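Below is one structure; the comments refer to it alone.
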Amino acid sequence: MSNDADFDRVDAERAASDAILVGASTVRNDNPRLLVRSALRRRERVDRGLEPSPIKVTVTSSGNLDADAAFFTAGKAQKLVYCASEAAASLGPRLARRATVVDAGPSVALQRVCQDLSDRGVQRLMVEGGGTIHTQFLTADLADELQLVVAPLFVGDSGARRFVGDGDFPWNARRRAPLAEVRQIGDVVLLRYALSSRFGTD
Ligand SMILES: NC(=O)c1ccc[n+]([C@@H]2O[C@H](COP(=O)([O-])OP(=O)(O)OC[C@H]3O[C@@H](n4cnc5c(N)ncnc54)[C@H](OP(=O)(O)O)[C@@H]3O)[C@@H](O)[C@H]2O)c1
């Protein structure tokens with residue numbers, strides 16, 4: 001739905017992040033590599049003493065993740081899987097050399113995931129979806145910034161995926177999210193919302 005210039009902007013966001021998080025369904029359905037695409041940006045990261053691409057992070061209750069998914073096989077950066085206890089015991093050995101499986105307790109609370117990532121040195125986490133993950137980050141008030149891109153097209157399918165699902169959002173009719181920037185990128189528009197006092201800090 002986006003355009004090349006915006007994909008490149010997203011690549012720059014990836015390169016500026018310490019870690020990228022997606023839900024397990026996105027790993028299963030899209031098989032994303034989640035690497036920085038630009039060779040120049042990868043080199044700049046290496047010059048700063050970093051891996052060419054950020055740490056990859058996912059969360060799962062079921063533990064239903066394929067060790068051969070591109071999430072695990074592409075790139076040398078660390079891969080972290082936060083898994084509910086019930087599945088963690090079997091998932092750990094299955095992903096053994098490809099990822100670190102963190103037993104996140106009976107259910108995975110994203111607040112605790114963020115705390116653990118912070119303890120591991122992650123200061124800037126980029127959350128790339130899908131909707132189940134976006135809903136939890138936003139309803140739990142964990143996001144510092146929201147980037148929304150509006151594309152000039154209609155999907156025309158009431159069953160199509162939504163950005164977020166049902167939930168009690170801290171940003172609602174009584175408390176509107178502060179709009180920090182509007183930027184035209186070719187035929188799409190980027191809207192940046194400041195969701196916490198940490199917006200704009202590195
Ligand atoms: N266009 C884009 O750029 C883009 C980006 C991202 C995603 N997407 C689309 O979004 C779709 C997936 O979205 P989605 O909302 O269905 O799924 P999702 O958010 O990618 O992943 C949901 C899954 O993540 C795990 N999960 C999420 N929260 C959890 C928690 N608190 N504790 C434990 N596990 C948790 C569960 O995995 P288990 O089922 O393993 O327990 C859950 O089923 C993809 O098919 C993709 O096409 C598009």
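Just so it is clear, the values below take in all heavy atoms, side chains as well, and ignore hydrogens, waters and symmetry mates. In each ligand, atom 1 is the first atom listed, and ligand 1 is the first ligand listed. From a predicted model like this one, the values you see are computed outputs, not experimental measurements. The first residue of the sequence shown is numbered 1, and numbering continues consecutively from there.
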Can I get a per-line list of side-chain donor-acceptor pairs under 3.5 Å for residues 144-157, giving both atom names and the distance, sequence neighbours left out?
| residue | atom | partner | partner atom | Å |
| --- | --- | --- | --- | --- |
| D144 | OD1 | S196 | OG | 2.7 |
| D144 | OD1 | R198 | NE | 3.0 |
| D144 | OD1 | R198 | NH2 | 2.7 |
| D144 | OD2 | R198 | NE | 3.2 |
| E145 | OE1 | R192 | NH2 | 3.3 |
| E145 | OE2 | Q147 | NE2 | 2.9 |
| E145 | OE2 | R192 | NE | 2.7 |
| E145 | OE2 | R192 | NH2 | 3.1 |
| Q147 | OE1 | R9 | NH1 | 2.7 |
| Q147 | NE2 | E13 | OE2 | 3.0 |
| D157 | OD1 | G159 | N | 2.8 |

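- A salt bridge links R41 with D8: the distance from a Lys NZ or Arg NE/NH1/NH2 to an Asp or Glu carboxylate oxygen falls below 4.0 Å.
- S85 and D103 share a donor-acceptor pair across their side chains, judged by distance under 3.5 Å alone.
- D116 has no carboxylate O lying under 4.0 Å from a charged side-chain N of R112, or vice versa, which leaves the two without a salt bridge.
- Nearest heavy atoms, V127 versus H134: O-NE2, 3.9 Å.
- The 12-atom threshold is not exceeded at CD of E86, counting heavy atoms of other residues, nucleotides or ligands nearer than 6.0 Å.
- Sorted by chain then number, the residues whose non-hydrogen atoms approach ligand 1 to under 4.0 Å are G23, A24, S25, T26, R28, N29, D30, V59, T60, S61, S62, V108, E128, G129, G130, G131, T132, I133, Q136, R161.
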